[in-house]
Every structure is written in structure tokens, then in C-alpha cells.
Amino acid sequence: MSTYQAIVVGAGFSGAVMAERLASMLGWKVLVLEQRSHIAGNCFDKKNEQGITVHQYGPHLFHTSKPRVWEYLSRFTTWHPYQHKVLARVGEQLIPLPFNLNSLHLVYPAEQAQALERKLLDLYGAGAKVSILKLRETAEPELAELADWIYQNIFVNYTMRQWGIKAEDIAPDVLARVPVVLSRDDRYFHDSYQAIPAAGYTALISSLLSHQSIDVHLQQNALQRLKLEQGQIWLDGEPFSGKLIYTGMLDQLFDYQFGELPYRSLQFVFRQLDYPYYQTATTVNYPNAPDFTRITEFKHILAESSDGSTIVTEYPQDYDKNDPEKNIPYYPVFTADNQRCFEKYKELSAQYQQLIPLGRLAEYKYFNMDDAVDNALQQFNRLCDKMTDVGKKA
Ligand code: UDP
């Protein structure tokens, strides 16, 4: 019989927060099974020989407007204040992204920019954030032309490359993440809390997992140890009576019985430079480059000084579970068909009372880090409520 009351599969943000709550609030003994040789999932970071903290699976910039998430995480880390800025290279120009009033004045001649600004402010109000798809609906001819310029120069090619499908086929929420902003605020995010864990994400996750009732086992293929059959969960060949918190892909957990759910993967190409700076912003997007989307220079994030620099270029690609170069799922692909397929897996998962699918992969959702934390906290509360109900009925 297992001594654990919960098994958490995956040591990323979702799994780590849930493990921490179960251990510290309920006093449960928790086993975390992680397939990689390190914790922290795709937030994993570490200092390289140049003394620069590199995000191994692409840039992670924490931001939230949820005080409860901020307060919760602040128990496990101190913060390095950081406001993320992104520039987009369009033709020969570098313009602030999200496209804002400063971008407008860089792209259009002064008088025309002024006229467009007035029309935008009249229609939507100062400070408004308007999704590009909404802006494209405008009947006003000059604004329609501006919307078309932004759509064609910023969104169409980048989105095609990022997702492998046309911009009109991806869920509108995806493009709405980068709205047109009617202000001169050049920050990428506008949340009330924006900062990076001062000692890095790996240290933060390590702190979450440091409770004495949590055991973390790395390089574990959880699916080889678990079996789900007729509503019952088995661990190492014995019936398991605790909770299974699963943060991997639901289609894989259920042996792809309704087909494979599409994911998007990325190839990261790192370069170490022997000069101090490559670019002025942390991230520069290349909306119209042939095969990559953006370049990030890490030293900007924690303001680390060094003679050299490290940059990473992102090349999107389809996820392929059988190809070691493409077998890391980074994003679910948000289309109506894929959502329908996911719903089948979700229904099946509901037949297992002990099972809690959790996080970006298992819930097939575009969670930011703060959403993942908030969602894990809420799922934990829901679990507590259910246990109280059962207790009351007993
Ligand atoms: N996007 C775009 N051009 C850009 C930046 C973003 O078309 O220069 C679109 C693209 O479809 C992308 C989505 O907006 O997937 C969301 O961008 P975000 O920066 O939030 O993506 P993430 O950082 O999560 O990859």
C-alpha cells in the first residue's frame, strides 16, 4: 500500500503549487513524479557560465493582477522588479509592441498619425485596449486601413508561423492577448504586479516543493507506474486510494483513444555572444521573418552585467511525440475542433474520482504562469470543499 495520499505528476508551477497546498494545508504526504532531470517544468532557468540566468524553455516573464497569486508566491520568493518590453521589427523600423500610440507615430507621418490618434481616441477612449480583430470591424475607412496595416504587418505571418494555421482559424482570444493599446505605455503587460523571482523560477519552485511531506522523484516515467482502469487508479501494480494530480497531456494519459490532441512545439536556438549587448529590448519580435518569431536577450531580465550576452531565437514547429527534436509540447492549439476532441478526454477523466487534471497541458488552456498558480489554488479549494461535503454526509 502506498504511504502517499497524493501523487502529483509534473513539477511545473501547477504541480508544485498543488503539492505545496496538499502538504502544508492538509498535512498530506505527497509524491511528485517528474519525467525530466530537473524541477520547474518549462519555467526552468539556470545561470550559465557567463553569469546570465537563462530560461531553458523560452522567456518567462511573470505578471499578474491577482493579489492572491502575488501574495501566495511572495511567501516563496523575493522579487526583482521588471517590466517587460517588446519591440517588433517591421521593415527597417523597431516599433513598440503591443502596437500603441508611440508605434502609430513611428509608422505614419506626423499629421496622419495625429489624425488617426484622434479618431482612435474618439471611438474607443484614451487607454483602451482593442483587439486587432475588433479594430478590423470598424467601418471608418482610415481606421480600417490602419487595422489592416497592423494585421498584415504584425499578426498574419507571425500567427501563421507560431501556430501553423491561419490567423482566422485560431481562437480570437489568442490574438487578443496582444491588443492595440491607446496610450503611450510601452510595456508588454499592464498588470499591477510585474516582477521576476529574484533567485529565478527554479529556486521558487524548489521552495514550493521543499515541504518535508513532499518527495520529488526526478526522471520518472509516471505513465509506466500508473494504470487507469474502470474508474480505479493503480500505482506500481497496486490499487492507489489517494488523489492523482496530473499535469501532463490528457490524450497521452488515456492512450490517445480519441486521437492525438494537437500541440505546438518550439525549437530554441541559443547563442553566446562575446560582446555585451545584442539588442536594446529583452525581446524583439520578427513578425515577418521566414521561420522564427522572436529573439530574447536574457541579461536584460535580471539586469545581469557581463562582458558577453546570451540570446535565444524561437522556431515554432508542430509537436511530434516520436521526434526527440519536437517532443516538448508548449502550447495547445486553440481551435474549435481541438477543443471538441479535448472535451472527450475531459469527460473520460471525470469517470476517475481520484483524478484531478491540472494546468496548461492537462486542461488544454492558454494559462499564463499566474493563471496556472491561481487555477491550482482554486482546484485545491474545490478539493477541500468536496472533502468537507463528503465528511458532512458521512
Ligand atoms: N502575435 C502576433 N505577432 C506578434 C506577437 C503576437 O501575431 O508580434 C500573436 C500570435 O498569434 C501569438 C499571440 O499573438 O501567438 C499571443 O502572443 P503572446 O506574446 O502572448 O504569446 P506567447 O508569449 O504566449 O508565446
Side-chain angles (χ1 to χ4, degrees), residues 12-13 41-43 55 57-64 83-91 93-100 103 106-107 129-136 147-181 186-191 194 196 262-268 279 281-296 298 301 312-319 328-335 338 359-361 364-372:
F13 253 119
N42 288 347
C43 303
H55 300 180
Y57 304 94
H60 283 72
L61 297 316
F62 186 81
H63 57 101
T64 189
Q83 311 273 341
H84 190 46
K85 290 199 178 150
V86 176
L87 295 170
R89 178 168 285 284
V90 182
Q93 274 186 313
L94 284 171
I95 61 171
L97 203 73
F99 192 95
N100 63 20
S103 322
L106 284 169
V107 168
K129 291 178 191 156
V130 189
S131 101
I132 183 60
L133 298 178
K134 181 109 190 89
L135 190 62
R136 289 188 85 214
D148 198 50
W149 188 95
I150 299 172
Y151 188 63
Q152 296 300 337
N153 285 282
I154 307 282
F155 287 97
V156 169
N157 297 326
Y158 187 109
T159 299
M160 179 70 205
R161 215 168 320 117
Q162 173 72 5
W163 300 102
I165 54 177
K166 289 199 185 126
E168 58 256 39
D169 294 332
I170 199 87
D173 290 356
V174 172
L175 304 195
R177 288 169 61 91
V178 188
V180 174
V181 178
D186 283 342
R187 296 173 306 161
Y188 198 62
F189 308 113
H190 301 100
D191 290 299
Q194 304 192 36
I196 308 296
Y263 301 92
R264 201 66 178 149
S265 186
L266 295 166
Q267 194 165 25
F268 292 103
Q279 58 195 29
T282 305
T283 299
V284 175
N285 285 11
Y286 290 79
N288 300 302
D291 50 5
F292 66 96
T293 49
R294 57 189 177 192
I295 297 180
T296 295
F298 290 104
I301 300 175
V312 68
T313 307
E314 297 179 40
Y315 295 84
Q317 55 189 6
D318 270 338
Y319 166 81
I328 301 181
Y330 288 95
Y331 305 87
V333 180
F334 303 95
T335 66
N338 298 348
R360 188 187 264 220
L361 294 177
Y364 213 64
K365 285 202 175 125
Y366 205 154
F367 282 144
N368 290 329
M369 288 180 282
D370 69 323
D371 299 323

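Fair warning: this is a prediction, and the values are worked out from it, not measured in the lab. Counting starts at 1 for both ligands and their atoms, following the listed order. Computed over heavy atoms, backbone and side chain alike; hydrogens, waters and symmetry mates excluded.
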Result block: side-chain N/O donor-acceptor pairs under 3.5 angstrom for residues 166-174, not counting sequence neighbours:
none

Q.
With rounding to the nearest 0.5 angstrom, report the CD1 to OG1 distance, Ile301 to Thr283.
A. 6.5 Å

**Q.** Set of residues satisfying side-chain contact (heavy atoms from CB on, under 4.5 Å) with respect to Pro179, sequence neighbours excluded
**A.** Lys129, Val181

Q: Keeping to residues at least two apart or across chains, list the salt bridge (charged side-chain N to carboxylate O under 4.0 Å, His left out) pairs with something in residues 148-161.
A: Arg136-Asp148

(Q) To the nearest 0.5 Å, what is the distance between NZ on Lys85 and CG on Leu61? (A) 13.0 Å

Q. Under the side-chain hydrogen bond (donor to acceptor under 3.5 Å, both in side chains) criterion, do Asn368 and Arg177 qualify, and how do the steps go?
A. CA-CA 11 Å; Asn368 290 329; Arg177 288 169 61 91; 2.9 Å; yes

Per-pair distances, ligand 1 N/O vs protein N/O, less than 3.5 Å:
{"residue": "ligand 1", "atom": "3 (N)", "partner": "Ile154", "partner atom": "O", "Å": "2.9"}
{"residue": "ligand 1", "atom": "7 (O)", "partner": "Ile154", "partner atom": "O", "Å": "3.3"}
{"residue": "ligand 1", "atom": "7 (O)", "partner": "Phe155", "partner atom": "O", "Å": "3.3"}
{"residue": "ligand 1", "atom": "7 (O)", "partner": "Thr159", "partner atom": "OG1", "Å": "3.0"}
{"residue": "ligand 1", "atom": "8 (O)", "partner": "Asn285", "partner atom": "ND2", "Å": "2.9"}
{"residue": "ligand 1", "atom": "11 (O)", "partner": "Thr159", "partner atom": "OG1", "Å": "2.8"}
{"residue": "ligand 1", "atom": "11 (O)", "partner": "Trp163", "partner atom": "NE1", "Å": "3.3"}
{"residue": "ligand 1", "atom": "15 (O)", "partner": "Trp163", "partner atom": "NE1", "Å": "2.9"}
{"residue": "ligand 1", "atom": "19 (O)", "partner": "Tyr188", "partner atom": "OH", "Å": "2.5"}
{"residue": "ligand 1", "atom": "20 (O)", "partner": "Arg177", "partner atom": "NE", "Å": "2.8"}
{"residue": "ligand 1", "atom": "20 (O)", "partner": "Arg177", "partner atom": "NH2", "Å": "3.2"}
{"residue": "ligand 1", "atom": "21 (O)", "partner": "Tyr366", "partner atom": "OH", "Å": "3.2"}
{"residue": "ligand 1", "atom": "23 (O)", "partner": "Arg294", "partner atom": "NH1", "Å": "3.0"}
{"residue": "ligand 1", "atom": "23 (O)", "partner": "Arg294", "partner atom": "NH2", "Å": "3.4"}
{"residue": "ligand 1", "atom": "24 (O)", "partner": "Arg177", "partner atom": "NH2", "Å": "3.1"}
{"residue": "ligand 1", "atom": "24 (O)", "partner": "Tyr366", "partner atom": "OH", "Å": "2.5"}
{"residue": "ligand 1", "atom": "25 (O)", "partner": "Arg294", "partner atom": "NH2", "Å": "3.2"}
{"residue": "ligand 1", "atom": "25 (O)", "partner": "Tyr331", "partner atom": "OH", "Å": "2.4"}

